[in-house]
Peer 1: 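There's a structure below that I have some questions on.
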Amino acid sequence: MGEAMGQIKVEVVHGKRLVIRDFKSSDPYVLLKLGNQTAKTKVINSCLNPVWNEEFSFTFSEPVGVLKLEVFDKDRFKSDDKMGHAELSLQPLVAAARLKQILSVATDGMTLRKVIPESDNCLATESSIVWANGEVRQDVWLRLCDVESGEVELKIKLVNLPAVSPAR
């Protein structure tokens with residue numbers, strides 16, 4: 001990875017239809033990774049539709065990495081159980097922000113790009129990258145992989161993207 005290019009803020013909003021890993025429920029938490037940076041939400045006890053509403057900041061560099069997410073069930077006396085994982089490429093978000101900078105046109109609420117669910121991404125539904133309140137934002141529902149069910153909602157904001165010079 002090269003020098004830091006910008007910063008993203010990732011809010012882990014909530015999960016839905018998470019899998020049972022204890023007797024009747026689970027005690028889920030989310031682990032986020034971007035490059036060598038990690039962040040962890042609080043544990044929500046006995047809940048399959050947890051609400052975290054926690055925001056974390058990460059720096060990124062070129063080439064833009066992939067945000068990795070893992071959900072675990074907290075256990076007291078043994079290792080935590082896996083409840084699924086997902087990945088999100090940050091390239092579309094950064095590319096949309098760069099295009100907005102270069103073109104210097106965007107009205108509040110304008111959609112810069114749409115990202116659709118495909119076999120090579122973990123999107124549960126179509127996601128729009130928008131210009132809102134002076135920020136490039138993407139709200140996503142990620143489908144958890146290698147598990148029977150479960151989705152996690154993230155709200156991602158791109159902040160502190162260095163200015164790009166127009167091509168000459």
Side-chain angles (χ1 to χ4, degrees), residues 1-97 114-129 135-161:
M1 295 283 246
E3 69 180 69
M5 292 294 298
Q7 185 178 45
I8 63 164
K9 290 189 178 187
V10 178
E11 180 182 353
V12 181
V13 182
H14 69 282
K16 66 180 181 183
R17 295 188 316 273
L18 299 183
V19 294
I20 295 172
R21 289 292 186 249
D22 292 334
F23 182 61
K24 290 184 179 179
S25 190
S26 292
D27 306 311
Y29 66 91
V30 176
L31 188 64
L32 295 170
K33 294 180 184 177
L34 180 60
N36 60 1
Q37 305 163 86
T38 60
K40 180 181 157 187
T41 66
K42 61 186 175 271
V43 174
I44 306 294
N45 292 315
S46 301
C47 190
L48 300 178
N49 297 293
V51 176
W52 288 285
N53 286 329
E54 290 186 62
E55 188 175 81
F56 304 96
S57 292
F58 297 93
T59 57
F60 67 89
S61 56
E62 294 288 350
V64 181
V66 172
L67 180 67
K68 297 180 181 188
L69 172 147
E70 293 180 280
V71 182
F72 291 94
D73 168 51
K74 182 71 175 162
D75 285 326
R76 183 177 286 185
F77 299 112
K78 59 186 180 86
S79 62
D80 296 348
D81 299 313
K82 291 182 179 183
M83 296 177 67
H85 62 91
E87 294 184 352
L88 178 68
S89 172
L90 298 175
Q91 186 60 45
L93 183 72
V94 172
K114 289 190 182 284
V115 185
I116 59 171
E118 296 181 307
S119 59
D120 66 345
N121 68 33
C122 297
L123 292 178
T125 61
E126 182 178 278
S127 172
S128 293
I129 299 171
E135 299 172 325
V136 176
R137 308 174 63 117
Q138 183 179 17
D139 296 351
V140 296
W141 276 99
L142 296 178
R143 168 183 83 256
L144 297 177
C145 299
D146 297 330
V147 70
E148 305 85 68
S149 70
E151 295 176 9
V152 174
E153 181 186 17
L154 303 178
K155 292 181 185 255
I156 302 167
K157 293 187 283 190
L158 189 55
V159 293
N160 301 334
L161 184 68

Peer 1: Report all side-chain donor-acceptor pairs from residues 32-39 shorter than 3.5 Å, counting only partners two or more places apart or in another chain.
Peer 2:
from, atom 1, to, atom 2, distance (Å)
Q37, OE1, T59, N, 3.0
Q37, OE1, T59, OG1, 3.4
Q37, NE2, L34, O, 3.4
Q37, NE2, T59, O, 2.7

Peer 1: Please round to the nearest 0.5 Å and tell me the distance separating atom OG of S149 and atom CZ of R17.
Peer 2: 6.5 Å
Peer 1: Hey, is NZ on K16 packed in by over 12 heavy atoms from elsewhere, all under 6.0 Å?
Peer 2: yes
Peer 1: Please enumerate all residues that pass side chain to side chain donor-acceptor pair (under 3.5 Å) together with E135, with sequence neighbours excluded.
Peer 2: R137
Peer 1: In Å, rounded to the nearest 0.5 Å, how long is the span from NE2 of H85 to CD of E70?
Peer 2: 7.5 Å
Peer 1: Can you measure from CG (N121) to CG (L142) and round to the nearest 0.5 angstrom?
Peer 2: 8.5 Å
Peer 1: What residues form a side chain to side chain contact (heavy atoms under 4.5 Å, CB included) with A96, not counting sequence neighbours?
Peer 2: L112, R113, I129
Peer 1: Can you name the salt bridge (Lys or Arg N to Asp or Glu O under 4.0 Å) partners of R143, sequence neighbours left out?
Peer 2: none
Peer 1: Could I get the full list of ring-ring contact (aromatic ring centres under 6.0 Å, His included) partners for F58, not counting sequence neighbours?
Peer 2: none
Peer 1: Assess whether side chain to side chain contact (heavy atoms under 4.5 Å, CB included) is satisfied between V13 and V51, documenting all intermediate values.
Peer 2: CA-CA 6 Å; V13 182; V51 176; 5.8 Å; no
Peer 1: What distance separates L48 CG from M83 CE, expressed to the nearest 0.5 Å?
Peer 2: 6.5 Å
Peer 1: Can you list the residues that meet the salt bridge (Lys or Arg N to Asp or Glu O under 4.0 Å) rule with E11, with sequence neighbours excluded?
Peer 2: none
Peer 1: I want to check something: taking the side chain as every heavy atom from C-beta on, are E153 and K155 in contact at a cut-off of under 4.5 Å?
Peer 2: yes
Peer 1: Only counting residues at least two apart or in another chain, list the ones meeting side chain to side chain donor-acceptor pair (under 3.5 Å) with D73.
Peer 2: none
Peer 1: My understanding is that only residues two or more places apart in sequence, or in another chain, count here; which of them pass ring-ring contact (aromatic ring centres under 6.0 Å, His included) with F56?
Peer 2: none
Peer 1: State which residues pass salt bridge (Lys or Arg N to Asp or Glu O under 4.0 Å) with D81; sequence neighbours excluded, sorted by chain then number.
Peer 2: K78
Peer 1: Got Q138 and V115 here, is their nearest side-chain heavy-atom distance under 4.5 Å?
Peer 2: yes
Peer 1: Test side chain to side chain contact (heavy atoms under 4.5 Å, CB included) on L88 and L69 and set out the steps.
Peer 2: CA-CA 8 Å; L88 178 68; L69 172 147; over 6 Å; no
Peer 1: Decide yes or no for V152 and L144: does some side-chain heavy atom of the first lie under 4.5 Å from some side-chain heavy atom of the second?
Peer 2: yes
Peer 1: Go through the structure and list residues passing salt bridge (Lys or Arg N to Asp or Glu O under 4.0 Å) with K9, not counting sequence neighbours.
Peer 2: none
Peer 1: Kindly list each side-chain donor-acceptor pair under 3.5 angstrom involving residues 18-26, sequence neighbours excluded, with atom names and distances?
Peer 2:
from, atom 1, to, atom 2, distance (Å)
R21, NE, K82, O, 2.9
S25, OG, C47, N, 3.1
S26, OG, V19, O, 2.7
S26, OG, R21, N, 2.7

Peer 1: Hey, could you give me the NZ/CG distance between K42 and D27, rounded to the nearest 0.5 Å?
Peer 2: 14.0 Å
Peer 1: Suppose we screen for side chain to side chain donor-acceptor pair (under 3.5 Å). Which residues come up paired with W52, at least two apart in sequence or across chains?
Peer 2: T41
Peer 1: How long is the gap from CD1 on I8 to CG on L154, to the nearest 0.5 Å?
Peer 2: 9.5 Å
Peer 1: For C122 and E87, which heavy atoms make the closest approach, and how far apart are they?
Peer 2: SG-N, 3.4 Å
Peer 1: Under 30°, 30 to 60°, or over 60°: which ring-plane class applies to W141 and H14, parallel, tilted or perpendicular?
Peer 2: perpendicular
